[in-house]
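What follows is a short report on a single structure.
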Protein chains: 2
Amino acid sequence: MGKEYLGEFEELILLMVTLLKEEAYGLGICEELKKQTGRSTAIGAVHATLNRLENKGFVESYLGDPTKERGGRRKRLYTLTAYGREALVYSRDIRVNIWTQIPELAIKIL
Amino acid sequence: MGKEYLGEFEELILLMVTLLKEEAYGLGICEELKKQTGRSTAIGAVHATLNRLENKGFVESYLGDPTKERGGRRKRLYTLTAYGREALVYSRDIRVNIWTQIPELAIKIL
DNA sequence: AGATTTTATCTACAATGTAGAACAAATATC
DNA sequence: GATATTTGTTCTACATTGTAGATAAAATCT
């Protein structure tokens with residue numbers, strides 16, 4: 001693990017990218033975030049965060065092909081890198097480990 | 001739940017306060033954080049964050065009595081408020097719920 | 001009283017969180 | 001084939017959090 005930590009929002013965005021797999025792009029992520037957390041965010045916030053995540057090597061992106069749907073600009077699709085996955089696992093492990101020591105927050109693990 | 005989210009570091013500090021119970025004060029939290037996460041932070045960072053958490057109502061503080069140990073200034077002791085506990089539980093639930101949908105991150109829960 | 005210890009407070013700056021406006025690239029329609 | 005419409009990204013700016021170091025304050029020891 002590097003010395004870099006994921007910010008709160010960064011982590012959420014990274015989780016949405018992971019969840020959406022092949023369909024992870026700005027607007028879609030924004031909607032999924034709303035669906036998963038109830039949290040409304042401006043699209044600009046999502047893109048700014050995606051850029052930062054890419055600069056730090058947590059995700060990679062490429063331009064998708066135009067879809068047949070109606071019109072509109074091409075999507076920029078994001079995928080998790082190995083480093084990104086590592087960061088998510090690391091963050092999860094730290095939390096689970098701490099929660100375990102706090103009865104009120106502990107999760108029963110098999 | 002309010003509209004406020006815990007930042008990444010804020011959440012960690014709040015967890016340390018919860019963990020340390022009656023012995024939660026700046027330096028101690030700093031050490032516990034190191035112990036729990038391996039992360040070294042300047043004491044100023046911890047205090048700044050504690051102040052913000054207090055302003056937002058996640059913790060409360062009071063000055064402790066002088067200890068007999070050697071000398072030194074009195075500790076400012078922090079305790080979690082009901083609102084703080086709520087925020088921790090909320091944050092945990094959101095994450096666990098998302099992880100569950102990602103095979104690679106899922107935790108087996110009883 | 002002065003030295004030493006423990007700890008908090010203050011001040012600043014960097015990184016992350018957040019929003020909205022401007023812009024670009026598709027398709028549809030006439 | 002020009003223009004309206006749709007979908008989506010990029011740009012710019014500012015607020016909030018993250019982070020550090022220096023300074024100051026209270027306590028005990030000698």
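Not measured: the values here are computed from a predicted model. Both backbone and side-chain heavy atoms feed into the values below; hydrogens, waters and symmetry mates do not.
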Tell me whether the side-chain N/O atoms of [X] come closer than 4.0 Å to OP1 or OP2 in [N].
| X | N | value |
| --- | --- | --- |
| Lys56(B) | dT16(D) | no |
| His47(A) | dT10(D) | no |
| Arg74(B) | dA26(D) | no |

In terms of side-chain geometry, is the basic nitrogen of Arg85(A) or Glu104(B) positioned less than 4.0 Å from the acidic oxygen of its partner? yes
As a test of understanding, state which of Thr49(B), Leu12(B), Ile13(B) forms a side chain to side chain contact (heavy atoms under 4.5 Å, CB included) with Ile29(B).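 Only match with Ile29(B) under side chain to side chain contact (heavy atoms under 4.5 Å, CB included): Ile13(B).
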Which part of the nucleic acid does Gly7(A) contact within heavy-atom distance under 4.0 Å: base, sugar-phosphate only, or nothing? sugar-phosphate
Looking at every heavy atom in both Gln101(A) and Leu19(B), which two are closest together, and how far apart are they? CB-CD1, 3.6 Å
Looking at the side chain of Arg52(A), which of dG17(C), dA20(D), dT10(D) is the nearest nucleotide? dG17(C)
For the side chain of Arg73(A), starting at C-beta, report the closest nucleotide among dG17(C), dC23(C), dT19(D). dC23(C)
Taking atom P of dG8(D) as reference, at what distance in whole Å does atom CG of Asp65(A) sit? 14 Å
Residue whose closest nucleotide on DNA chain D lies nearer the 5' end, Asn51(A) versus Glu8(A):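 Nearer the 5' end of the strand: Asn51(A).
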By nearest-nucleotide position on DNA chain D, the 5'-leaning member of Thr41(B) and Gly72(A) is Gly72(A)
For Lys75(B) and for Ala45(A), find the nucleotide of DNA chain C with the closest heavy atom, then tell me which residue's nucleotide is more 5'. Lys75(B)
Does Val17(B) share a hydrophobic cluster with Val89(B), counting links as ILVMFWY side-chain heavy atoms below 4.5 Å and allowing steps through other members?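 Yes, same cluster.
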